[in-house]
Protein chains: 2
Amino acid sequence: MKIGQLADKTGLSIQTIRFYERKALLAAPERTQSNYRSYSDEALKQLLFIKQCRALDMTIEEISLVLETRANPESSCESVNATIDKHIDDIEHRISELNALQKTLQSMRAACDDDKKIKECGVLHQLDSIVDSHCPTKRND
Amino acid sequence: MKIGQLADKTGLSIQTIRFYERKALLAAPERTQSNYRSYSDEALKQLLFIKQCRALDMTIEEISLVLETRANPESSCESVNATIDKHIDDIEHRISELNALQKTLQSMRAACDDDKKIKECGVLHQLDSIVDSHCPTKRND
DNA sequence: GTAAACTCTATACTTGGTATAGAGTCAAGC
DNA sequence: GCTTGACTCTATACCAAGTATAGAGTTTAC
């Protein structure tokens, strides 16, 4: 299978497949006489696995670790679980950050409506007041 | 005020301040005879405003737009509000993506515990089964 | 006078790709 | 046999939002 077919089957772009090869997520495939990459069904499976992990928002480094561990069927799956646990924690953390942000933005937005001029803009006033509170009082120098 | 002092007062790194100047968020300041940047209190305020916007996770492009609009006190603040609205929408969207992700990860994680070997790993099995369902049946060729 | 601390520019690196240029290869049609 | 279009190759540059470095010049403190 050539790279274009593999791209069609996986839904990944050709460049992305080559990118994963450079990142060593995907083993460098055989080449034809004309130096074209020639893939097996194994490569297809591997790519779909990677795609699935990316859909879970795992980083390439995390995926790399999981793939490496997976290659050794007798080893403990502790590190895979730890990767997922850490990932869950990271997302948890990010969600609560975004929730706090959302609250701030919404209350800021509530302070203004579209018919105002810039100098009266409630959103900008809120931003400014936060700045002023951090800003040292002006000195005459 | 030199760049180091400005960095201290804003809590931004020196590189970040120079980066914002390159991105035209911050006007290029006066220079001393020895070519050092020399900042006014206005620059400090501007940077704190930018920092606040970044804390709201606005992109540099969004901040750029807001700053540009802000410079014209008689214009309508509609575009500022629109920027915030779009930003709120984006975050909303991201939050629900992450929530869905979190659910998937948690149910995946629930399928395994740490005492298993890789070949028995519930997490990996779940990942594999998703892959298999997308993978064409093997042909002998 | 010298050493430490500061600043300058320019450049490379990060992540997860995407987009391009310029060259080579392959299959079909004439 | 030759051209045309589709495909592939490598290498390089680009995106956001910075961070990190090298190598040079400047200022400050002792």
Side-chain angles (χ1 to χ4, degrees), chain A residues 1-26 28-39 43 46-67 83 86-87 90-91 94 97-98 101, chain B residues 1-26 28-39 43 46-67 83 86-87 90-91 94 97-98 101:
Chain A
M1 182 175 10
K2 282 189 287 182
I3 199 168
Q5 292 170 272
L6 189 59
D8 286 345
K9 286 191 183 174
T10 57
L12 298 169
S13 75
I14 290 174
Q15 295 101 301
T16 298
I17 294 171
R18 290 197 282 239
F19 173 73
Y20 288 160
E21 181 182 327
R22 266 203 317 286
K23 288 286 169 180
L25 286 189
L26 190 65
E30 306 275 295
R31 298 286 183 132
T32 66
Q33 286 181 327
S34 54
N35 201 33
Y36 285 11
R37 287 171 179 82
S38 177
Y39 293 99
Q46 178 92 344
L47 266 184
L48 288 171
F49 185 90
I50 293 167
K51 189 187 179 189
Q52 185 56 32
C53 290
R54 285 293 301 137
L56 297 175
D57 225 15
M58 290 167 66
T59 66
I60 285 181
E61 207 182 340
E62 286 172 332
I63 299 171
S64 194
L65 183 64
V66 170
L67 288 173
T83 301
K86 167 132 189 351
H87 193 53
D90 289 349
I91 290 172
R94 185 67 185 144
E97 272 180 357
L98 288 180
L101 203 55
Chain B
M1 182 175 11
K2 281 189 287 181
I3 199 168
Q5 292 170 273
L6 189 59
D8 286 346
K9 286 191 184 175
T10 57
L12 299 169
S13 76
I14 289 174
Q15 295 101 302
T16 298
I17 294 172
R18 291 197 280 239
F19 173 73
Y20 288 159
E21 180 181 327
R22 265 204 317 285
K23 288 286 170 180
L25 287 189
L26 189 66
E30 306 274 295
R31 298 286 183 132
T32 66
Q33 286 181 329
S34 53
N35 201 34
Y36 285 12
R37 288 172 179 82
S38 176
Y39 292 98
Q46 178 92 342
L47 267 184
L48 287 171
F49 184 91
I50 294 167
K51 190 187 178 188
Q52 185 56 31
C53 290
R54 285 294 301 136
L56 297 174
D57 225 15
M58 290 168 66
T59 65
I60 284 181
E61 209 182 339
E62 287 171 331
I63 299 171
S64 194
L65 183 64
V66 170
L67 287 173
T83 301
K86 167 131 190 354
H87 194 55
D90 289 349
I91 290 171
R94 186 64 184 145
E97 272 181 356
L98 288 180
L101 203 56

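Chain letters run A, B, ... following the sequence lines, proteins first, then strands; residues in each count from 1.
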Could you check whether A:Ser13 gets within reach of a base, just the sugar-phosphate, or nothing at all, counting any heavy atom under 4.0 Å? sugar-phosphate
Checking A:Thr10 side chain against A:Leu6 main chain: does a donor-acceptor pair fall under 3.5 Å? yes
When the distance from CD of B:Gln15 to C1' of C:dC8 is rounded to whole Å, what number comes out? 12 Å
What nucleotide among D:dT27, D:dT10, C:dG16 has an atom nearest to a side-chain atom of A:Phe19? C:dG16
If the cut-off is 4.0 Å, is B:Arg18 near the phosphate of C:dC8, judged by side-chain N/O to OP1 or OP2? yes
In terms of the nearest nucleotide of DNA chain C, which residue is placed more toward the 5' end: A:Asp57 or B:Ile3? B:Ile3
Taking only side-chain nitrogens and oxygens of B:Arg37, does any of them come within less than 4.0 Å of OP1 or OP2 of C:dT7? no
So, is A:Arg22 close to the C:dG16 phosphate, meaning a side-chain N or O under 4.0 Å from OP1 or OP2? no
Take the protein atom CG of A:Leu47 and the nucleotide atom P of C:dG17, then report the distance between them rounded to whole Å. 11 Å
Atom pair distance, as rounded to whole Å: CD in B:Gln5 and P in D:dT28: 10 Å
Return the value, rounded to whole Å, for the distance between atom CD of B:Gln33 and atom C1' of D:dT26. 12 Å
Neighbour count above 12 (heavy atom, 6.0 Å) for B:Glu61 CD: no
Nearest-Å distance for atom pair CD1/C1', residues A:Ile60 and C:dT14: 12 Å
For the side chain of B:Lys2, counting heavy atoms from C-beta on, which of D:dT28, D:dA17, C:dG16 is nearest? D:dT28
Between B:Glu97 and B:Arg94, is the closest basic N to carboxylate O distance under 4.0 Å? yes
Is the phosphate of C:dT9, meaning OP1 or OP2, less than 4.0 Å from a side-chain N or O of B:Arg31? yes
Carboxylate-amine/guanidinium proximity below 4.0 Å for B:Glu62 and B:Lys86: no
Basic-acidic side-chain contact under 4.0 Å: B:Arg37, B:Glu30: no
A:Ser34 vs C:dC26: side-chain N/O to OP1/OP2 distance below 4.0 Å: yes
Spacing of A:Ile17 atom CD1 relative to D:dT10 atom P, expressed in whole Å: 13 Å
For D:dT19, does OP1 or OP2 lie under 4.0 Å from any side-chain N or O of B:Thr16? yes
Specify the separation, in whole Å, of atom CZ of B:Arg54 and atom C1' of D:dG18. 9 Å
Is it true that a side-chain atom of A:His87 and a backbone atom of A:Thr59 form a donor plus acceptor pair closer than 3.5 Å? no
A:Leu26 CG to C:dG16 P: how many Å, rounded? 16 Å
Are any of B:Lys23's side-chain N or O atoms less than 4.0 Å away from OP1 or OP2 of D:dA16? yes
Does A:Tyr36 get its side chain close enough to the base of C:dG24, under 3.5 Å, for a donor-acceptor pair? yes
Does D:dG18 have OP1 or OP2 under 4.0 Å away from a side-chain N or O of B:Tyr20? yes
Please figure out whether B:Ile14 or A:Met58 has its closest DNA chain C nucleotide nearer the 5' end. B:Ile14
